[in-house]
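Questions regarding the structure given below will be posed in turn.
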Amino acid sequence: MTAGTDTTLEHPAETQAEIDERMMNLALEQAMLAAGAGEVPVGAVVVDAAGNVVGAGYNRTITDSDPTAHAEIVALRQAASSQGNYRLPGFSLYVTLEPCVMCVGAMLHARLARIVYGAPDPKTGSCGSVLDVGAVAQLNHQTHIHGNVLADPCGSILRGFFRERRRKEPTE
C-alpha cells in the first residue's frame, strides 16, 4: 500500500463499519510485512477524510534499532511528511493492535479525529485495556477511539508470531 492511494471512490455506499474493516485489512497487510521482516506483526495506516491512505507503516523497532519505530509512529511520520504538517485534523489512524501510551500521545499531538484499533493489548494497551489516555478530559485534544475492529484476525497474526517464536527458542 502506498501513501496517496484513493480507497473510497470504488466503494461509495459503504457504512462506517465497512470502511473501518476495509482500512483495517490494509493495516493487516502492513502487519504481514512486519512479520516477514521478523518484527512483531503490527501494521498501521493513516487515512484522510476523503478515504485516501496518506501514511502506512509497520513495526520497525528491530530493523531500525529504534524503540520509537512502532507501526503507528512510522505511519504518522509518513502521513505528516506527505501533508507537510505534523497536525492531521480530520484524519484517522487504523492499527492492528491497541496502541501504547507513546503512540496514543503522538496521535493526540497530531490531532487525529479517530484512532481505530484491532486487537486489545492487555499488557500495554492505552485505549482502555491498561490505561485510557484518550479519556483524560484535561488533555487539550480529544480523539474518538474505536476498538475491536477485526480483532480476531489482528490477534491471530500476533498469537501465531509469538507461538512460532517460542517454538524456535532453545529449551533449558
Side-chain angles (χ1 to χ4, degrees), residues 1-7 19-48 51-83 86 88 91-110 112 114-131 133-134 143 145-170:
M1 175 57 41
T2 58
T5 302
D6 184 343
T7 56
I19 293 168
D20 287 350
E21 286 189 9
R22 188 163 47 82
M23 295 302 168
M24 190 61 71
N25 275 312
L26 297 177
L28 275 164
E29 289 175 13
Q30 292 294 310
M32 294 301 295
L33 294 173
E39 298 276 358
V40 174
V42 178
V45 294
V46 178
V47 180
D48 68 15
N52 301 305
V53 174
V54 296
Y58 57 86
N59 274 1
R60 300 184 50 86
T61 56
I62 298 166
T63 302
D64 294 351
S65 298
D66 180 356
T68 70
H70 290 194
E72 302 95 308
I73 301 298
V74 173
L76 280 172
R77 286 176 180 156
Q78 189 178 91
S81 179
S82 78
Q83 300 303 299
Y86 73 97
L88 302 168
F91 291 62
S92 298
L93 186 142
Y94 293 82
V95 61
T96 57
L97 181 65
E98 181 181 357
C100 70
V101 69
M102 173 187 72
C103 292
V104 172
M107 290 182 241
L108 291 173
H109 283 294
L112 292 176
R114 295 179 76 221
I115 299 168
V116 182
Y117 69 88
D121 184 347
K123 295 187 178 197
T124 64
S126 293
C127 294
S129 290
V130 176
L131 300 172
V133 176
T143 297
I145 299 172
H146 181 63
N148 296 306
V149 173
L150 299 181
D152 288 338
C154 290
S156 180
I157 189 174
L158 287 158
R159 285 187 300 277
F161 174 82
F162 287 111
R163 186 180 316 112
E164 184 63 20
R165 181 183 266 181
R166 284 189 300 274
R167 189 186 69 75
K168 289 181 178 178
E169 287 178 358

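Note that the coordinates shown come from a computational prediction; the quantities given were computed from them, not determined experimentally.
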- prompt: Heavy atoms, side chains only, cut-off 4.5 Å: are D66 and R60 in contact?
  reply: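 D66 vs R60: side chains apart.
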query: Does a side-chain heavy-atom distance below 4.5 Å link L158 with P41?
result: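 They are in contact (side-chain heavy atoms under 4.5 Å apart), so the answer is yes.
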Minimum heavy-atom distance T96-C154, with the two atoms named: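 In this case the closest contact between T96 and C154 is O-CB, 3.2 Å.
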task: Could you tell me whether the side chain of I73 reaches within less than 4.5 Å of the side chain of M102, counting heavy atoms only?
output: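 They are in contact (side-chain heavy atoms under 4.5 Å apart), so the answer is yes.
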- prompt: Between the side chain of S126 and the main-chain N/O of V133, is any donor-acceptor distance below 3.5 Å?
  reply: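 Flag not set: sc S126 to bb V133 has no pair under 3.5 Å.
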message: I want to check something: taking the side chain as every heavy atom from C-beta on, are Y94 and V53 in contact at a cut-off of under 4.5 Å?
response: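 No, every pair of side-chain atoms sits at 4.5 Å or beyond.
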- prompt: For the atom pair CZ (R163) and OG (S156), what is the distance rounded to the nearest 0.5 Å?
  reply: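 With rounding to 0.5 Å, CZ (R163) is 7.0 Å from OG (S156).
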query: Within the distance-only criterion (no hydrogens, no angle test), does the side chain of S82 pair as donor or acceptor with the backbone N or O of V54 below 3.5 angstrom?
result: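 Between the backbone of V54 and the side chain of S82 there is a qualifying donor-acceptor contact (under 3.5 Å).
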field: Sole candidate of L150, V149, D20 that passes side chain to side chain contact (heavy atoms under 4.5 Å, CB included) when paired with N25
entry: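 Between N25 and the candidates, side chain to side chain contact (heavy atoms under 4.5 Å, CB included) is satisfied uniquely by L150.
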task: Answer yes or no: is there a donor N or O on one side and an acceptor on the other, between the side chain of Q30 and the main chain of V45, under 3.5 Å?
output: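 A pair under 3.5 Å: no.
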message: With rounding to the nearest 0.5 angstrom, report the CG to OG1 distance, L97 to T124.
response: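 Answer rounded to 0.5 Å: 6.5 Å.
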query: Are any of the side-chain heavy atoms of D48 and Q83 separated by less than 4.5 Å?
result: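 A side-chain contact is absent here, since even the closest heavy-atom pair is not under 4.5 Å.
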message: On a heavy-atom basis, which atom in P99 and which in C127 lie closest, and how many Å separate them?
response: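 Answer, listing the atom of P99 first, then C127: CD-SG, 3.7 Å.
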query: Which residues satisfy the salt bridge (charged side-chain N to carboxylate O under 4.0 Å, His left out) test with R167, sequence neighbours excluded?
result: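 Only E164 meet the salt bridge (charged side-chain N to carboxylate O under 4.0 Å, His left out) criterion with R167.
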task: Please identify each residue that fulfils side chain to side chain donor-acceptor pair (under 3.5 Å) with N148, with sequence neighbours left out.
output: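 Partners of N148 under the side chain to side chain donor-acceptor pair (under 3.5 Å) test: none.
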Side chain proximity check, T143 to V104, heavy atoms < 4.5 angstrom: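 They are not in side-chain contact.
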task: Please identify each residue that fulfils salt bridge (charged side-chain N to carboxylate O under 4.0 Å, His left out) with D121, with sequence neighbours left out.
output: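 Expected list: none.
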4.5 Å side-chain heavy-atom contact, R77 and T68: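 Yes, at least one pair of side-chain atoms sits under 4.5 Å.
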task: Working to the nearest 0.5 Å, report the span between CD of E72 and CG of N59.
output: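 Atom-to-atom, E72:CD and N59:CG are 7.0 Å apart.
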task: Heavy atoms only: give me the nearest V47-M23 pair and the separation to one decimal.
output: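 Taking every non-hydrogen atom into account, CG2-SD, 3.7 Å.
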Distance (rounded to the nearest 0.5 Å) between L28 CG and M32 CE: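 Answer rounded to 0.5 Å: 8.5 Å.
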field: Inter-residue atom distance C103.SG - H70.NE2, 0.5 Å rounding
entry: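 The distance works out to 5.5 Å.
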- request: Mind checking the CZ-CZ spacing from F91 to R114? Nearest 0.5 Å is all I need.
  value: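 With rounding to 0.5 Å, CZ (F91) is 14.5 Å from CZ (R114).
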- prompt: Where do V74 and Y58 come nearest, in terms of heavy atoms and distance?
  reply: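 Looking at all heavy atoms of both residues, the closest pair is CG2-O, 3.9 Å.
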message: Ignoring hydrogens, what is the shortest heavy-atom contact between P122 and V130? Give both atom names and the distance.
response: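 For P122 versus V130, the nearest heavy atoms are O-CG2, 3.4 Å.
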query: Of the non-hydrogen atoms in I62 and R165, which two are nearest, and what is the gap between them?
result: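 Heavy-atom minimum between the residues: CD1-NH2, 4.4 Å.
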